[in-house]
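What follows is a short report on a single structure.
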Protein chains: 2
Amino acid sequence: MEYNVYASACPTRMIFDRLSDKWALLILDRLCPAPVRFNQLLREIDGISQKMLSQTLKNLERDGLINRQAFPTVPVTVEYSITPLGKTLASTVNVLIHWAQDHGDAVLAAQAAYDQRLAG
Amino acid sequence: MEYNVYASACPTRMIFDRLSDKWALLILDRLCPAPVRFNQLLREIDGISQKMLSQTLKNLERDGLINRQAFPTVPVTVEYSITPLGKTLASTVNVLIHWAQDHGDAVLAAQAAYDQRLAG
DNA sequence: CAGCATCCAAGATGATACTG
DNA sequence: CAGTATCATCTTGGATGCTG
């Protein structure tokens with residue numbers, strides 16, 4: 001069945017909303033090359049709080065996009081890794097990131113021009 | 001220069017944050033095939049409020065992703081259309097939307113399984 | 001029609017402290 | 001180490017009314 005993304009009741013839209021989560025895509029991208037531990041993510045993803053990281057990881061796991069594996073060390077070690085499903089999404093996310101890298105300057109210039117028009 | 005997306009100071013990250021705006025990508029996608037007027041967007045994009053629509057459109061225009069054109073009719077008519085820069089992004093967004101459509105069921109299933117594990 | 005200004009409720013998030 | 005719990009805050013967004 002074909003859904004209409006612009007309708008809020010559509011399941012695709014529900015998922016699309018989730019995708020626009022501030023941290024989810026960033027984390028997904030970070031897990032893509034290799035599994036990473038909790039505190040390492042916390043250190044590397046600048047600006048995220050422990051609460052948000054924990055929450056976002058839980059959501060991603062629930063969506064089947066990442067795996068959580070705990071090792072019975074003392075103290076416990078937890079590794080997060082990307083699932084096959086997550087990988088299919090991550091490749092798309094990567095395209096988005098590249099877009100941002102490639103066109104960042106153009107956007108910045110547009111913003112400057114816009115602000116200039118308002119001021120002048 | 002190569003930026004680190006995981007650092008909050010990076011311009012790419014700033015843009016990436018913007019991309020994860022709840023409505024921006026949806027609107028961009030809607031404008032892709034043809035220009036649309038304000039109230040038409042308001043009607044078609046389910047759940048968005050006038051305030052959010054107005055705000056998001058302004059941001060998109062500032063980023064150089066869409067154009068705003070006012071016609072001197074009475075009452076005034078305003079048409080929003082996508083820019084060449086916006087088009088390059090929209091095509092990527094389209095891939096995201098397709099991903100959501102293609103894998104929506106898989107995500108829903110994963111969620112159900114996750115919830116099941118918790119309950120049982 | 002296409003907005004902007006104001007007020008207000010709700011949810012998101014940060015800081016801090018605590019636990020297995 | 002990898003979280004959870006609680007509280008304070010701060011932003012987000014909806015409702016409403018007004019304007020060119």
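All chains are named by letter (A, B, ...) in the order of the sequence lines, taking the proteins before the strands, and each is independently numbered beginning at 1.
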Just list the side-chain donor-acceptor pairs under 3.5 Å for residues 63-77 of chain A, sequence neighbours left out, or say none.
residue, atom, partner, partner atom, Å
Asp63(A), OD1, Arg18(A), NH1, 3.0
Asp63(A), OD1, Gln111(B), NE2, 2.7
Asp63(A), OD2, Arg18(A), NH1, 2.7
Thr73(A), OG1, Pro75(A), O, 2.8
Thr73(A), OG1, Thr77(A), N, 3.2
Thr73(A), OG1, Thr77(A), OG1, 2.8

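In this structure, the CG atom of Asn59(A) is 14 Å from the P atom of dG3(D), given to the nearest Å. Atom C1' of nucleotide dA2(D) and atom CG of Leu57(A) are separated by 11 Å, given to the nearest angstrom. The separation between Arg43(B) atom CZ and dA2(C) atom C1' is 12 Å, rounded to whole Å. Here the C1' atom of nucleotide dG3(C) and the CG atom of Leu41(B) are 13 Å apart, to the nearest Å. The distance between atom CZ of Arg37(A) and atom C1' of dG3(D), rounded to the nearest whole Å, is 13 Å. Between Gln69(A) atom CD and dG3(D) atom P the separation is 13 Å, expressed in whole Å. Between the CD atom of Glu79(A) and the C1' atom of dA2(D) there is a distance of 13 Å, given to the nearest Å. Atom pair Leu42(B):CG and dG13(D):P shows a separation of 15 Å (rounding to whole Å applied).
Annotation: the span from Leu53(B) atom CG to Ile45(B) atom CD1 amounts to 7.0 Å, rounded to 0.5 Å.
Dashed line: the shortest gap from a side-chain N or O of Arg68(A) to OP1 or OP2 of dA2(D) is not under 4.0 Å. Between Tyr80(A) and the phosphate of dC1(D), there is no side-chain N or O to OP1/OP2 separation shorter than 4.0 Å. Regarding contacts with the backbone of dC4(C), a side-chain N or O of Ser54(B) is found under 4.0 angstrom from either OP1 or OP2.
For Tyr6(B) against Leu26(A), the heavy-atom pair with the smallest separation is CE2-O, 3.7 Å.
Contacts of Phe71(A) with the nucleic acid, taken as non-hydrogen atoms under 4.0 Å apart, are absent.
Asp21(B) places a side-chain N or O within 3.5 Å of a backbone atom of Ala24(B) that can act as its donor or acceptor partner. A distance-only check finds no donor-acceptor pair linking the side chain of Ser54(B) to the backbone of Gln50(B) [under 3.5 Å].
Residues Leu89(B) and Trp99(A) are in side-chain contact: their nearest non-hydrogen atoms beyond the backbone lie under 4.5 Å apart.
When hydrophobic clusters are built by joining Ile, Leu, Val, Met, Phe, Trp and Tyr residues whose side-chain heavy atoms come closer than 4.5 Å, directly or via intermediates, Tyr114(A) is not grouped with Leu85(B).
Under 4.0 Å is where a charged nitrogen must lie from a carboxylate oxygen, and between Arg13(B) and Asp46(A) no such pair does.
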task: List the steps, then state whether side-chain contact (heavy atoms from CB on, under 4.5 Å) holds for Trp23(B) with Ile48(B).
output: CA-CA 8 Å; Trp23(B) 303 107; Ile48(B) 197 171; 3.7 Å; yes

statement: Readout for nucleotides 6-20 of chain C: B = base within 4.0 Å of protein heavy atom, S = sugar-phosphate only, - = neither; 5' to 3' it is BB-----BB--B--B

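Taking five base pairs at each end of the helix from dC1(C)-dG20(D) to dG20(C)-dC1(D), the local helix axes there meet at an angle of 50°, rounded to 10°.
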